[in-house]
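Accompanying notes for the structure given below.
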There are 2 protein chains.
Amino acid sequence: MEDKKVNETSQKHHMKGGDGPDSYACNSEYQKQVLISAEDLIRQQIDEHLNIQSPSFEPQYTFRIADFGCSTGPNTFYGVENIISAVKNKYKKSNQNQTPDFQVFFNDLIGNDFNTLFRNLPSNMIYLVACSPGSFYDRLFSRKSIHFAHCSTALHWLSKIPKEVIKRGINRGRIHYLGGEKEVKEAYAAQYEEDFGRFLNARADELVDGGLMALLMLGFADGDAFSLSGLRIKYEILQSCLEDIAELGKITKEKVDSFNLPLYFPSESELKALIEANGSFCIEKIAKLASPLRHKPDPKGSTLQTKAVLGMVFEEHFGNEVVEEVFRRLLDKLVESPVLFDNKYWKDTNYFVFLKRKGVN
Amino acid sequence: MEDKKVNETSQKHHMKGGDGPDSYACNSEYQKQVLISAEDLIRQQIDEHLNIQSPSFEPQYTFRIADFGCSTGPNTFYGVENIISAVKNKYKKSNQNQTPDFQVFFNDLIGNDFNTLFRNLPSNMIYLVACSPGSFYDRLFSRKSIHFAHCSTALHWLSKIPKEVIKRGINRGRIHYLGGEKEVKEAYAAQYEEDFGRFLNARADELVDGGLMALLMLGFADGDAFSLSGLRIKYEILQSCLEDIAELGKITKEKVDSFNLPLYFPSESELKALIEANGSFCIEKIAKLASPLRHKPDPKGSTLQTKAVLGMVFEEHFGNEVVEEVFRRLLDKLVESPVLFDNKYWKDTNYFVFLKRKGVN
């Protein structure tokens, strides 16, 4: 059963590799700003909840950090260095003579461009480097071997399009659940429930007793998912680009109809309910993060960022040439649309979720 | 000090990436045959020396294997699967109900093509996959965290050309120590002593007490290093190719003079002396392996294999265009040379070295 699930996760749901002008490495300022907005919260939570007196955290052990959905850098390095600095600080404050050594595992899908990640490794590394390729919806590490799990702006990726949506074609005319029929939203929510549950189960296995987990997650405020959000409008613009290309006869209407984005944006109450239902973690903190980059509408930057993130999913379904045309058209339309310029459309929210693995210690 | 050494190892000393017709993945049959020739020995040695009664090897712990110098596959998968199968067998024979889970760390230089490695991962994996990029002459893992270290046909790569050879230009007119002056050989041997010592120190830190290490190493029988070996002749042919290209004015003679291959082939007595001087390991077995592929002289295959292995070193020094010409010329000359056709030139030897980490258990 577990084996089958492994194969179900598309290996194409990864960011654009390399470090060229359209790469994720060069177009992930938004994701960096999310990390920055959570920096102090992570430090505070580590200070408050890392129990260095527990046997799992004795300083002679190597302290193992895993970043799930690391992509190609450099954001991932920024995130883990903040964690390491806060953990060291905690050991030092406790008048221990020793701080542990650190080992960082960078995780992303097998198709991720790890070559670029490694080429971008900081030259003054203060930790042992490892990586672990594979879907974070499966178990990736030994039981009780990870001390700190980190996952930033990655958990909105579903492992796959919900079966119902594909089989029954209930989302024809849309490429996403936002603004769509209730049953489509429910199918996406059910897929998210399954996926996030698998994520929590896998991490529960891997984390030591008292191990910590920081999740930075894109979502919506409770009740907002069906409203006129910027994300919904952007996806509708992308959809209209596909329709334009279909009208020119370059792709079929059926091809467009069978395309859906494997993304889900939960609300705070959904998150809480799923974590509590899982039962392996204490919720130490859930908070909304400040919204990054809203002050500077930038159609070109927004197009490049969207292409770096979603380009591979479009490419998998439509092929490379169509992708280029879709995003050329997206740029033209974003310039004309109010979506980037009017505050009222910015309703997506970034959640900071800090969890502690329950255990005997 | 240690930090400085990290930077000294060239990141270009890796195999040709991808899986195209000139890739290492497609031109490593020789290396596969070396693995095959050691297969039974590894199984016997594991059966004899793996002490599963020791606390380090309790089956509830994940059994961690590291393959140093893994390149892009598929050979590395073949090697580790043989180890896993032998280890499982040992647990089963001992009437234990449990066999451990396995985690395999694939190591190679940061410049190695890990993307291809991951793309080639077997679909039916029986272990957790991780990788660890970096020079195996440095420490790569936590202390006492690895149960089995494996390194096949990789330790003949020096971390760098010996300083003496570069500074004093004592090897002008040759690209390797084989067949060269005594002081050149001594400089190479000294570099090997330093490098292999660093390898052993790093692994001594990383292996659990009683941890095992299998090394498959290219070398020479004692006293044979200066004789008329096939390797020496092949390097002399490569050198003559460079000289031809220099005569055409495409590269300078100085460029050729400053080029040296960072490879060293130890003898059995050198290996023994260095391992004993290090002191952290018991030598459980040293044996010569059967020589693979000697029955079928194949200039084209030999050229492709040499290019897949050494191409990056030539490219680093001479640039890409020269590499193509060097190996076109190598093929022409190998067809004319007796080196692949006459048994008397085959004097390099593959050593099987099996070590056990000394410790309280």
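All chains are named by letter (A, B, ...) in the order of the sequence lines, taking the proteins before the strands, and each is independently numbered beginning at 1.
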(message) Below 30° counts as parallel, above 60° as perpendicular, anything between as tilted: where do the rings of F105(A) and F105(B) land?
(response) tilted
(message) Among N112(A), T116(A), D113(A), which residue satisfies the side-chain hydrogen bond (donor to acceptor under 3.5 Å, both in side chains) criterion with N115(B)?
(response) D113(A)
(request) Would you please name every residue forming a ring pair (Phe, Tyr, Trp, His ring centres under 6.0 Å) with Y127(A), sequence neighbours left out? (result) none
(message) How long is the straight-line distance from OG1 of T62(B) back to CZ of F141(A), given to the nearest 0.5 Å?
(response) 11.5 Å
(request) Just do the side chain to side chain contact (heavy atoms under 4.5 Å, CB included) check on S142(A) and L128(B) with the steps written out, would you? (result) CA-CA 8 Å; S142(A) 316; L128(B) 295 165; 4.3 Å; yes
(request) Using side-chain hydrogen bond (donor to acceptor under 3.5 Å, both in side chains) as the criterion, list what pairs up with H147(A), not counting sequence neighbours. (result) none
(request) Looking only at non-hydrogen atoms, find the nearest pair between P133(B) and A130(A) and report the distance. (result) CD-CA, 4.5 Å
(message) Counting only heavy atoms not in E58(A) (residues, nucleotides, ligands), do more than 12 fall under 6.0 Å from its CD?
(response) yes
(request) Answer yes or no: is there a side-chain heavy-atom contact under 4.5 Å between F118(A) and C131(B)? (result) yes
(request) Flag the one option from R64(B), R143(B), R119(B) with the top tally of heavy-atom pairs under 4.5 Å to chain A. (result) R64(B)
(message) Using heavy-atom distances under 4.5 Å, tell me whether L117(B) contacts chain A through its side chain, its backbone, both, or neither.
(response) neither
(message) Quick check: closest heavy atoms across Q103(B) and L140(A), and the distance to 0.1 Å?
(response) NE2-O, 4.4 Å
